[in-house]
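Note sheet for the following structure.
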Protein chains: 2
Amino acid sequence: MATIKDVAGRAGVSVATVSRVLNGNGYVHEDTRQKVEEAIRALNYTPNEVARSLYKKKSKLVGLLLPDITNPYFPQLARGVEDRMQENDYRLIFGNSDENREKEMDYIQTFIQNHVVGIISSTNDPGAEMYAELRIPIVFLDRTTSDRPSVYADGREGGRLAAREIIKRGSKRITIIQGPAHVGPAMDRYEGAVEVVRERGLPYDVLKTTSFSFTEAEGWAQDLFRLYPDTDGVIASNDIVASAVLQEAFRLGKRVPEDVQIIGFDDIPLSRLLAPSLSTIHQPAYEMGREAAELLIQLMEGQHIERKSKQYPVHFIERQTTRKVD
Amino acid sequence: MATIKDVAGRAGVSVATVSRVLNGNGYVHEDTRQKVEEAIRALNYTPNEVARSLYKKKSKLVGLLLPDITNPYFPQLARGVEDRMQENDYRLIFGNSDENREKEMDYIQTFIQNHVVGIISSTNDPGAEMYAELRIPIVFLDRTTSDRPSVYADGREGGRLAAREIIKRGSKRITIIQGPAHVGPAMDRYEGAVEVVRERGLPYDVLKTTSFSFTEAEGWAQDLFRLYPDTDGVIASNDIVASAVLQEAFRLGKRVPEDVQIIGFDDIPLSRLLAPSLSTIHQPAYEMGREAAELLIQLMEGQHIERKSKQYPVHFIERQTTRKVD
DNA sequence: TTGTAAGCGTTATCAG
DNA sequence: CTGATAACGCTTACAA
């Protein structure tokens with residue numbers, strides 16, 4: 001790897017001059033600039049970001065912390081973040097936290113040690129000390145906080161929406177699947193759904209679950225129809241669980257949506273490819289990722305911040321696991 | 001952020017001594033070590049990785065380049081890589097290449113600039129110049145090369161397997177969906193399938209496709225049944241496309257597997273949650289990710305390398321989109 | 001057993 | 001307009 005010194009040598013100037021043309025600041029005679037650029041090309045030189053980072057005490061690195069990239073909702077967020085960051089030449093150091101405090105701290109720690117200039121985190125505890133102490137900008141993604149920048153969807157309204165739509169379409173004995181209690185957005189949507197069902201005075205059941213894992217989803221779907229065989233409407237905690245419910249209904253010979261309606265949450269890409277395709281509450285995940293990146297960039301580059309948090313509206317995607325209504 | 005100097009000051013020793021206790025090399029008196037450790041704790045000091053990296057000309061960073069994390073096959077690979085890397089305290093700089101040469105070069109470039117000590121890449125062109133010139137270890141993931149370390153699945157055999165299984169289960173007019181021509185593994189499985197179908201002297205049709213995108217998948221599924229309405233067996237290029245085919249079959253009132261059998265490829269987590277659940281060719285994605293990481297670690301840490309490439313066998317997962325056979 | 005100092009590749013300050 | 005040089009935080013000879 002050629003260094004700035006090599007370039008300086010070849011161009012017959014000092015390293016300071018090379019640095020100037022590199023960064024486009026200070027005065028450099030046109031002829032000198034030519035020579036330097038020539039040398040740069042000849043040596044195929046690119047600046048050492050580590051040295052830069054050491055001197056400037058900041059890098060072009062951003063930390064991205066997600067619970068689990070294997071959950072189909074997160075790749076979209078990640079992609080949104082990445083695409084926006086790319087545009088401003090930031091790179092991501094990426095980690096999965098598994099919603100585990102230790103891992104999370106570990107990552108935040110190494111992010112700092114590597115001079116990241118900002119962090120985007122999808123954590124269940126934005127109030128944690130490690131975040132409070134942070135001296136660099138952070139944006140919470142998919143999770144709410146009152147006092148720190150965050151980008152999230154209106155989960156509560158999403159829950160309400162799901163309930164309203166499934167009721168409007170005729171379900172009378174609704175089962176609401178409650179996602180993991182420690183996952184904020186999961187609880188929001190759950191509470192929203194309960195709120196509406198209660199308001200309407202409808203009977204409802206709740207199935208508690210503790211993860212969004214693929215394998216466990218099947219078990220919950222089985223529990224659901226075993227415990228509440230007469231349910232005619234299921235509001236799932238996310239699209240994965242909804243898929244499992246749809247499959248179990250199929251296995252039991254229940255017709256969807258005639259016998260049971262199902263509404264998911266997230267609108268992951270695969271839900272439209274299910275048969276029947278899954279009605280769900282759409283969260284603009286890619287957009288949210290981009291927006292989190294946008295916000296963080298503003299924070300990092302010290303521009304004027306219009307508002308430090310953004311809540312995205314969600315909406316109902318009518319597909320085939322709910323009945324038609326006119 | 002406390003620096004090594006602060007620690008030295010507080011402990012009343014030189015920075016060299018602190019460095020020694022930090023790295024556990026050289027002689028340090030027990031009492032001194034105590035004092036230093038005390039100071040470290042008091043100041044909540046953690047070493048600046050950037051400074052370390054600059055001096056040592058290497059870091060604890062590894063580059064991971066994937067085509068598109070949004071394709072459900074890749075999160076598994078990524079997770080495998082991450083989990084293994086984590087165990088040895090490596091962090092990932094992550095990027096999506098979109099199978100785009102420019103982006104790929106750009107990422108590799110910045111990886112180098114950031115002193116990554118190794119790279120894992122899932123590229124269509126492992127022979128590219130940028131890879132040949134690399135002075136750090138690289139492992140190609142999900143893609144074959146003869147002369148560089150790589151971890152991949154036996155796609156060709158996978159294609160053969162799919163064909164054999166679907167034939168064994170009675171399909172007579174098979175349609176093989178050919179994935180993007182520039183994606184190596186896609187072509188391998190395609191060729192494997194063709195090989196077997198030809199061998200058996202069965203008539204078959206080919207539907208060419210150009211991407212694995214969710215939205216386009218629907219279009220291809222429609223094309224498929226429009227062009228080959230009598231097909232009774234579909235070998236899809238991956239599970240996404242298979243889902244789309246399954247859905248389209250459902251829409252057209254075809255029974256699966258009675259009228260049409262469908263076999264996918266990859267065995268992404270969601271395929272077992274489809275209704276009917278998808279028969280597919282399983283690739284051990286998570287394992288492969290881990291193995292790629294393992295190999296790279298060996299390469300980076302200069303241990304003895306047993307073999308520099310690893311091909312994983314694939315196997316048929318019998319689920320419900322294929323008929324039973326005894 | 002410990003300290004001094006050079007050096008990693010940059011950038012920025014200050015003379016010239 | 002250009003060149004020396006200190007400094008960023010750390011590791012490692014080399015001295016003591």
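The model shown is predicted, which means the values in this text are computed figures rather than measured ones. Below, chain A is the first sequence line, B the second, and so on; all start at residue 1.
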Using whole Å, what does the distance between atom [atom2] of nucleotide [N] and atom [atom1] of [X] come to?
X	N	atom1	atom2	value
N114(B)	dG9(C)	CG	P	15 Å
K60(A)	dT10(C)	NZ	P	17 Å
D31(A)	dC1(D)	CG	C1'	12 Å
K35(A)	dC1(D)	NZ	P	14 Å

Exercise. State which residues pass side chain to side chain donor-acceptor pair (under 3.5 Å) with S97(A); sequence neighbours excluded, sorted by chain then number.
Key: none
Self-check item: Contacts of type side chain to side chain donor-acceptor pair (under 3.5 Å), residue R33(A), not counting sequence neighbours
Solution: none
Practice problem: Mind checking salt bridge (charged side-chain N to carboxylate O under 4.0 Å, His left out) for K56(B) and listing every partner two or more places apart, or none if nothing turns up? | Solution: none
Practice problem: Indicate for each nucleotide in nucleotides 8-16 of chain D, in 5' to 3' sequence, whether protein heavy atoms under 4.0 Å reach the base (B), only the sugar-phosphate (S), or nothing (-). | Solution: BBSBBB---
Practice problem: Applying side-chain contact (heavy atoms from CB on, under 4.5 Å), run through M1(A) and T46(A) and close with a yes or a no. | Solution: CA-CA 8 Å; M1(A) 283 289 295; T46(A) 51; 4.0 Å; yes
Quiz item: salt bridge (charged side-chain N to carboxylate O under 4.0 Å, His left out): which pairs involve residues 117-137 of chain B, sequence neighbours left out?
Solution: R101(B)-D125(B)
Quiz item: To the nearest 10 degrees, how far apart in direction are the end axes of the helix from dT1(C)-dA16(D) to dG16(C)-dC1(D), each fit to five base pairs?
Solution: 50°
Practice problem: With heavy atoms under 4.0 Å as the rule, sort T32(A) into base, sugar-phosphate or nothing. | Solution: sugar-phosphate
Quiz item: Does NZ in K103(A) sit with more than 12 non-hydrogen atoms of other residues, nucleotides or ligands closer than 6.0 Å?
Solution: yes
Quiz prompt | Side-chain donor or acceptor of K60(A) paired with backbone N/O of N88(A) under 3.5 Å | solution = yes
Quiz item: Any side-chain heavy-atom pair from K35(A) and I40(A) closer than 4.5 angstrom?
Solution: no
